[in-house]
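Below is one structure, written out as structure tokens; comments come after it.
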Amino acid sequence: MKRTRTGIFLLSASLMAYQVFLVKLLAIQYWHHFAFLIVGIALLGFGASGTALVYGRPWLERRQHAAFLALPLLCGGAMPLAVMAPILAPFNPLLILWRPLELVRLLFLGGVFFLPFLLGAMCIGFALTREREHPHGLYCANLAGSGLGCLVFLVAWLHPPLWLLPVLTAATAVAAGAVFVRTRRQAAAAIGTLLLVAAVPLLPFLRSFPFLSPYKDLSQARAMAGAQTEWEQFGPHGLLTVLDSPAFHYVPDLGLLCPHPLPPQKGLFLDGNLAGALSRADPAAPDLPLLACRTASLAYQLLSRPHVLVIGSGTGTDILAARLHGAASVTAVEMNADLVRLLQGPYGDFCGHVYRPGTLALHLEEARGYLERPGPAFDLIHIGLLEPMAATTGGLYSLNENYLFTVESFRRCLRRLRPSGLVSVSRWVTNPPRDAVKLFAMAAAALEAKGCADPGGRLALIQSWQTATLLIGERPFTQGHVDRIRSFCTTHAFDPVWHPGMDPDEAHRLHRTEGPPLADAVRCILSPRRAAFLDAYPFAVHPSTDDRPFFSHVFRWQLFTQARTQGDRAWIPFLDWAYLLVWASLVFVFAAGAFLILAPLARTGAVSGGKKPILGYFGAIGLAYLFLEMALLQQMIRVLGDPVFAAGVVLGAILLFSGLGSLAAGRLQRVTPGRIACWCLALGMALAPFLAAPQKLPTLLASLPLGARMPLCGLFLAPLAFVLGMPFPLGLRRLGPAGAHAAAWAWGINGFASVFAAPAAVLLAMARGFSFVMAAALVLYLAAALIYLRLGRPQETPGPGRAQDAHSP
Amino acid sequence: MADQCSGPRSAPAGQGMPCRLGLALGLVFLAVVLSCVAPADAAQERTGEDSVLAARRKAMVDEQIRRRGIRDRRVLTALEQAPRHAFVPSSQRANAYDDTPLPIGYGQTISQPYIVAYMTETLQVDDTMKVLEIGTGSGYQAAVLSPLVRRVCTMEIIPELATAAAERLRRLGCNNVAVRTGDGYHGWPEEAPFDAIIVTAAAGHISPPLLAQLRAPGRMVIPVGGPFLVQNLVLVSRHRDGRIETKNLLPVRFVPLTGAGEDKRGP
């Protein structure tokens, strides 16, 4: 028994770590939303393992000792295949919308990733079905192991080479198998597999691992004459690369009339995506005069010696711009500590020591977390272009939650302003206008929420050919401000789009658009017709909120319908393929689940207590558990200020405390309706703070240091996670001693629901918000509680597993 | 196929005539020699293949380009003549006339035929003009421009692509196209000024040296979007008085949902 628990603990840790690794690897090789789809396919392995068990359990039972050894060994041996899969099938995700044949390669990749999950989950499921009368300890080991697997997030802090992660993960799976070794031959098999896995890094073609898609920014930049990778490191925020190339030039918001030459630059890439440029600056006189020729410099025309907060300071360009304009002080907030260390260390000289300690106040955290905390007030809060253009037009970030671009976040910014202070936000200009319209609507909403009756008086928007900068004033703009805005636009060939008292003919004189002009959209937002305008706009430009923090998600289905009706493939670039891929993965997972899990299981004849209650109960708790996990993760990102920390803490804490809940459930001798009611009450009470006052927790904990916030977050989650750990093992036990067949069925259904829940939760959150996702989870749990009473009622009739059930322990 | 893009149809008097006559004679000689050497059935096969490809090319122009509103007859003719299949890797030849962008290696693409047509029409070129292209890629855009203008100067930063494109364009007889390997950011000062500039590679910003090499009046076109996903074209116009304006163009017809009158198309 102890041996089984240890093995399951290690195997669960390995599978979770493998999943985390896959998400990261695929985000680097392709783009992160493809990771979503492929991992969805891979996780189907969990669901499919239930089917395999229903049919194969009798066979496994006859070879149980060998099975407990072989399944983890095969699982571990299959894991490194993920590293080699892109060589065998060079999948091009960008062509998938143009050429559906790419789907075949995608399915191949999914299949390669699917295998370890299927084998590992078969082992766990097999153990659970064997111990279905006392599954609590085993389930606890499963959850605790998965929690440990989440700690792979933390390994990234040690900056390991990326190839080491699959090797460690596979070695853990092999170790899980080794726990079951009984003979010398079995020991030899385990050692052989371990050696095989350890030899993977020696493969010569792994030198160019992680095999980036040739269409990623980094691959394209590397192909340029004279380009060479100067520095590369894998860390908690991803793969950071510095590329030296004489042909690399990047100052995206530069005015057309800028007379200043560009300094030599180096390209900076994160996970293979362009993240900015390192510009050479003289440490003695680090001024880059060309930075004055950007739309983002507008705010400095209206302020004298401001105290500046630069959000997302990244490569330091906006810090240099603040110094160029005579800022009295600069405070910088940057989430990526590795990037800052890079600019303080090896590239300090090149970048004019932009982050030199003593010259600025530096905060290494996520911007929203910084804004939540009490702190000094500023004359200018500067938010520059935080992602490259292609990412905006391609919908690359549309699935990303962005807590900086929400109405609540803008209100926080306004609270951190000194009298007459400004918030300056820059975005890319798109046609038809999307980002800038949403940004303007959000700023207007934030000002109104602050009690401002005339938001138009405190807003100013200008644009160049590809960027727009919005100023939000703490006070209304004066005629003097307006004159300086006009003068700045004239000097640098920018267009005013909106400022108080503006003549509509002033807009779009130099930068026109064929399509709805941005200036018209802005006027509609400031008119009483705002709601009707936003509803009718071809893109989703309603202000994003903390509950629906998807600023980059602007896609509307009517666009898809229009593209289809016109049958015009020129529409394809306008479709938000990140969003559509989540839908595709939902449909695919459902179809594949129906084919691999539901249909085979439906044909297996009756199971103990009937199939419907099992489908309802284990399906509901599978969906609800994932729904809550994802919604809580979102809330904790704001508390912890870092998505990587949040993922580690939330997943780790939930799984660990759920494991303890599972153990506690094992002590319950009987589950009466009264106890079920108590459980429902406990669930409601544990969930209430997250559901009723999602804003309170970030505010409450904001002022504490990160070291204190992390354990406190874990403690806040503990009661809820403890309660959530009970339903699965109790349900399994309820299936009764003769229900091994039913238990395998339950395992398959639960796995399928969990896989389906991940894309479903994202789509629900985009449509209705994260609080809706939580409420849906609560309803599902309550429904499961009702179904529980019907679970495992006797009247078992023969099925494929029936003969074995009678003999199973 | 050999003489698909041998410069503008009406070159200025005195320019290139002897050269073209010599080339024509040379081609006739070559054709006679080849017809003697090659087996008759292979020649017939090739002719058959050529006519199939020509038919596909015509269908491409009719269905993908003319139907979407490209009206410039010179541009349509140039597209009918440019053998797109010769500019894609052999693995992609079957798809050469499909309504899609295609990969050409090194992470680069050949644009959807309609986008090539749209960019070309937007430039409003004539046969007296000199055009600079930044991002040669496979050379297809240069081949389309070749019969429409006096001279095409095209630059490519990826040496392998530049070499292959130069060879391909030479083989197809695009004699008025000059290919250079180099960084398009600095333009081609020795050939400047240019009547039009077409930037087919992704641009982080409009390079000031490049803008300085644009004649007044002149037009520059820049695509916006990711690989395979061109959403808009930015047209930069330099006027006679030196004034610079931009216009963000939409290659697709947006049915107006806001009543803002946005279903116009064309510069």
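Here is the naming used below: chain letters follow the sequence lines, and residue numbers restart at 1 for every chain.
Atom-to-atom distance recorded for B/L210:CG and B/L132:CG is 6.0 Å, nearest 0.5 angstrom.
Ring pair A/Y30/A/F91: centre-to-centre distance below 6.0 Å.
Of the two parts of B/I244, the backbone and the side chain both hold a non-hydrogen atom closer than 4.5 Å to a non-hydrogen atom of chain A. At a 4.5 Å heavy-atom cutoff, the contact between A/R509 and chain B is made by backbone atoms alone. Within the 4.5 angstrom heavy-atom criterion, no atom of A/P259 approaches chain B. Contacts of A/A493 with chain B are absent, with no heavy-atom separation under 4.5 Å from either backbone or side chain. Only the side chain of A/L254 comes within less than 4.5 Å of a heavy atom in chain B; its backbone stays farther off. Looking at A/S219, neither its backbone nor its side chain comes within 4.5 Å of chain B, counting heavy atoms on both sides.
Of the candidates B/I198, B/L233, B/V236, B/I197, B/I222 forms a side chain to side chain contact (heavy atoms under 4.5 Å, CB included) with just one, namely B/V236.
Most heavy-atom pairs under 4.5 Å with chain A, from the set B/Q92, B/E160, B/Q64: that is B/Q92.
Of all heavy-atom pairs spanning A/A277 and A/F248, the tightest one is CB-CE2, 3.5 Å. Here the closest heavy-atom approach between residue B/H239 and residue B/A216 is recorded as O-CB, 3.3 Å.
The salt bridge (Lys or Arg N to Asp or Glu O under 4.0 Å) test applied to A/R294 returns A/D253, A/D318, not counting sequence neighbours.
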